Amino acid sequence: MSIVPSCAPLLFFDSGIGGLSVLKAVKAVLPKAPIVFVADYAGLPYGTKTEAEISARVPALLGRLVERYQPRLVTIACNTACTIALSHVRAALDVPVVGTVPAIKPASEATQSGVIGLLGTAATVRQIYVDKLHANHAPHMTLLRHAAPELVSAAEAKMRGEPVDPAVYARAMAGLTDQQKGEQLDVTVLGCTHFPLVEDELRAAAPHMTFVDGAAGIARRMCHLTKDQTWPEYPDEHTFITTGPVAAVNTLLPALSGFGLTRIRSL
Ligand code: DGL
């Protein structure tokens with residue numbers, strides 16, 4: 001078994017800033033981990049792309065990134081990429097890959113009514129992967145699905161300090177509650193990593209709803225996979241990579257520095 005160097009980073013990958021919701025949970029349990037966070041801004045949004053586009057783009061990009069940054073572990077902090085391309089990525093890389101998929105299992109344990117909601121991207125909510133999560137973890141429950149691409153833009157805008165019309169959040173929740181059985185909905189899965197970044201706003205639009213996401217489970221999994229490994233005593237600054245121009249992330253710098261992501265690079 002090869003020894004993992006203590007400076008080897010954890011590599012987070014998303015189409016944009018959404019992966020920060022996963023990074024937050026991971027930093028809480030692995031505070032010494034060096035981080036490389038990749039936002040594929042040249043490809044954002046993933047939610048409107050086809051399965052073929054995602055399956056071609058994500059493994060190829062991750063192949064380049066792994067070669068360049070030699071991470072000990074890759075986390076695809078994007079439900080859209082994972083529900084479509086997780087197996088392709090795992091087949092293409094020789095490092096462990098942790099995926100982010102809609103937290104239907106925890107939602108099935110939290111619901112009282114047996115009616116669960118799923119907010120995700122258009123690409124995620126139509127995936128067979130989601131049908132399987134439903135069949136495996138909540139077979140006797142109703143799963144209402146709603147694609148809420150507006151929430152991706154809202155989360156991006158919020159992290160840039162830009163104003164967002166609160167009607168966006170009310171519309172997203174109405175997309176679930178207006179469906180048949182929607183009045184019984186008590187637990188909503190935030191099935192896109194951008195959405196926990198606007199959870200407070202969603203809660204304001206639906207005060208009695210319980211929201212769940214997969215970040216804590218991913219953090220536990222990453223702790224487990226790295227449990228015998230060492231970390232640097234004094235980690236270097238963390239790295240943020242964009243596939244777009246660096247100048248286009250200027251307004252994100254305050255949010256990124258809150259996560260220690262101060263070394264900004266373009267791929
Ligand atoms: N953050 C991504 C997800 O978890 C997708 C956002 C997008 O690019 O549409 O699905």
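No experiment lies behind these values; they were computed from the predicted model shown. Residue numbers count from 1 along this sequence. Just follow the structure's listing: the first ligand is 1, and inside any ligand the first atom is 1.
Side-chain atoms of Asp186 and Thr111 include a donor-acceptor pair closer than 3.5 Å. Side-chain contact check for Thr80 and Thr121: at least one donor-acceptor pair (N or O, by modelled atom type) lies under 3.5 Å. Side chains of Thr50 and Glu53: a donor-acceptor N/O pair is present below 3.5 angstrom, by distance only.
For the pair Arg145/Val130, a side-chain contact is recorded, criterion being any heavy-atom separation below 4.5 Å from C-beta on.
Remark: ligand 1 and Thr121 share no N or O pair separated by less than 3.5 Å (distance only, no angle test).
Among all protein heavy atoms, the one lying closest to atom 6 (C) of ligand 1 is Ser15 OG, 3.4 Å. At the shortest separation from atom 7 (C) of ligand 1 among protein heavy atoms lies Tyr46 N, 3.3 Å. The shortest contact between atom 1 (N) of ligand 1 and any protein heavy atom is with His194 ND1, 2.8 Å.
Residue contacts with ligand 1 include Gly47, since one or more of its heavy atoms lies under 4.0 Å from the ligand. Cys78 counts as a contact of ligand 1, since one of its heavy atoms falls under 4.0 Å from the ligand.
Distances below 4.0 Å separate heavy atoms of Leu44 from the following atoms of ligand 1: 8 (O). Interface atoms of ligand 1 facing Thr80, defined by a heavy-atom separation under 4.0 Å, are 3 (C), 5 (C), 10 (O).
Taking the ring centre of Tyr41 as origin, the terminal cationic atom of Arg160 falls inside the region bounded by 6.0 Å and 45° from the ring axis.
With salt bridges taken as basic N to acidic carboxylate O contacts below 4.0 Å, one links Arg203 and Glu199.
If you look at Asp14 next to ligand 1, the close heavy atoms, those under 4.0 Å, all belong to the side chain. With a heavy-atom cut-off of 4.0 Å, Pro45 touches ligand 1 through backbone and side chain alike.
Here ring pair (Phe, Tyr, Trp, His ring centres under 6.0 Å) pairs that include residues 239-267, with residues two or more places apart or in two chains, are Phe37-Phe240.
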